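Keep in mind the model is a prediction, meaning the values are calculated, not measured. In this chain, numbering begins with 1 at the start of the sequence shown.
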Amino acid sequence: MTDPTLRRLLLPAGLLVGALAFLPNSQSLFHALFPALERPVYRRVSLVELTASHVVVVLVATALAALIGIGLAVAVSRPASRRVKPLVMAVAAIGQSFPPVAVLAVTVPLLGYGSAPTVVALFAYALLPIIVNTVAGLEGVDAGVMEASDGMGLSPRQRLLKVELPLAGPIIIAGIRTAAIINVGTATVGSTVGAATLGNPIIEGLSAYNTAYVLQGALLVGLLAIVVDRAIAAAGMAVVANVVRHRPA
């Protein structure tokens, strides 16, 4: 990881840690901003605990979507199965267009309340950008490079792992970053079905007309989105650089 990449990650991470330390002790600030509120600081559940739970839900859903989405994209980009690509893309598009609240309503009776239905909803939302970017990255590999890899005697599997995926890596990572950012925001809806996320103060604030709670939750969600985005970008760059470094010349 290069120094500029590390600095771009450390700054929002430091702001997030600072906000988590400051908000529970910000009674005077929020009381000054909202003097009509008796309890202007959210203390029902630890914000650190909610942030950690939020991160776990987002990472699990995004990781599952990346694993399955990249696998599907690789499959439909092969000559033998390209005819099913429109179907796969259509199904992924439907998954993202389906409202998350509707997904929760369908999955709660099957999985119960908590994080599980939220992970399912986020998984459905994350598939489309990952599949679209992976297909675009693989199909954008230069034909001359593909011919050169064939001339080197690489098998289709070796060509995929050592040539296609590393070259398509930046575009694939961009899709994963987009999916993760969407999931950071969408995960707040999971609090409506019992998932412990940063949606807790937002939803409670909306229901109790407590704007301070909403601002506190929204601030943490925004900072967390930046941290997750920068972390995935840094990790993706490191992985791609390592693969390229060990690729045969």
Side-chain angles (χ1 to χ4, degrees), residues 1-6 8-9 55-98 119-184 228-249:
M1 190 183 298
T2 62
D3 288 339
T5 303
L6 183 61
R8 288 198 299 269
L9 172 60
V55 169
V56 170
V57 169
V58 168
L59 290 186
V60 169
T62 306
L64 289 174
L67 181 64
I68 295 176
I70 293 173
L72 287 173
V74 169
V76 300
S77 67
R78 302 304 94 181
S81 56
R82 278 181 181 162
R83 62 181 179 274
V84 302
K85 182 173 76 171
L87 176 61
V88 172
M89 301 290 279
V91 171
I94 291 172
Q96 191 175 57
S97 62
F98 211 57
V119 169
V120 173
L122 298 185
F123 168 81
Y125 256 56
L127 269 180
L128 182 62
I130 293 174
I131 292 176
V132 168
N133 277 46
T134 303
V135 169
L138 292 173
E139 292 183 346
V141 175
D142 187 82
V145 174
M146 301 288 281
E147 292 176 4
S149 63
D150 290 337
M152 294 171 58
L154 296 181
S155 66
R157 181 175 180 275
Q158 290 175 321
R159 186 180 67 184
L160 172 66
L161 296 177
K162 297 182 178 181
V163 178
E164 294 180 73
L165 286 177
L167 291 177
I171 300 178
I172 296 173
I173 293 166
I176 296 174
R177 290 171 66 184
T178 299
I181 293 173
I182 292 172
N183 281 350
V184 169
V228 170
D229 175 62
R230 300 283 173 82
I232 292 176
M237 290 173 59
V239 170
V240 171
N242 183 67
V243 171
V244 172
R245 191 181 305 116
H246 292 89
R247 191 176 64 193

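Between the side chain of E139 and the backbone N or O of A136, no donor-acceptor pair lies under 3.5 Å. Looking at R230, its side chain does come within 3.5 Å of a backbone N or O of R8 through a donor-acceptor pair.
The distance from the CE atom of M146 to the CG atom of L138 is 8.5 Å, given to the nearest 0.5 Å. For the atom pair L67 CG and I130 CD1, the distance stands at 10.0 Å (nearest 0.5 Å). Between the CD1 atom of I172 and the OG1 atom of T134 there is a distance of 4.5 Å, given to the nearest 0.5 Å. Between L122 atom CG and L59 atom CG the span is 11.0 Å, to the nearest 0.5 Å. How far CG of L165 is from CD1 of I70: 7.5 Å, rounded to the nearest 0.5 Å.
The side-chain contact (heavy atoms from CB on, under 4.5 Å) test applied to R83 returns no partner, not counting sequence neighbours. V132 pairs by the side-chain contact (heavy atoms from CB on, under 4.5 Å) definition with M89, L128, not counting sequence neighbours. In terms of the salt bridge (charged side-chain N to carboxylate O under 4.0 Å, His left out) criterion, residue partners of R177 (sequence neighbours excluded) are, by chain and number, D229. Scored by the side-chain contact (heavy atoms from CB on, under 4.5 Å) test, T178 finds P129, I182 as partners (sequence neighbours excluded). Residues passing the side-chain hydrogen bond (donor to acceptor under 3.5 Å, both in side chains) test with N133, sequence neighbours excluded: none. For T62, the side-chain hydrogen bond (donor to acceptor under 3.5 Å, both in side chains) criterion is met by N183, not counting sequence neighbours. In this view, V56 and V60 satisfy the side-chain contact (heavy atoms from CB on, under 4.5 Å) rule, not counting sequence neighbours.
Heavy-atom minimum distance, A233 versus I173: CA-CG2, 4.4 Å. Across every non-hydrogen atom of L127 and A65, the tightest pair is CD2-O, 3.7 Å. The shortest non-hydrogen separation linking L154 to V163 is CD1-CG2, 4.0 Å. Minimum interatomic distance between G137 and I171 (heavy atoms only, all atoms of both residues): CA-CD1, 3.8 Å.
Residue pairs that meet the salt bridge (Lys or Arg N to Asp or Glu O under 4.0 Å) test with at least one member in residues 60-70, sequence neighbours left out, do not exist here. Screening residues 65-81 for side chain to side chain donor-acceptor pair (under 3.5 Å), with sequence neighbours left out, gives R78-E164.
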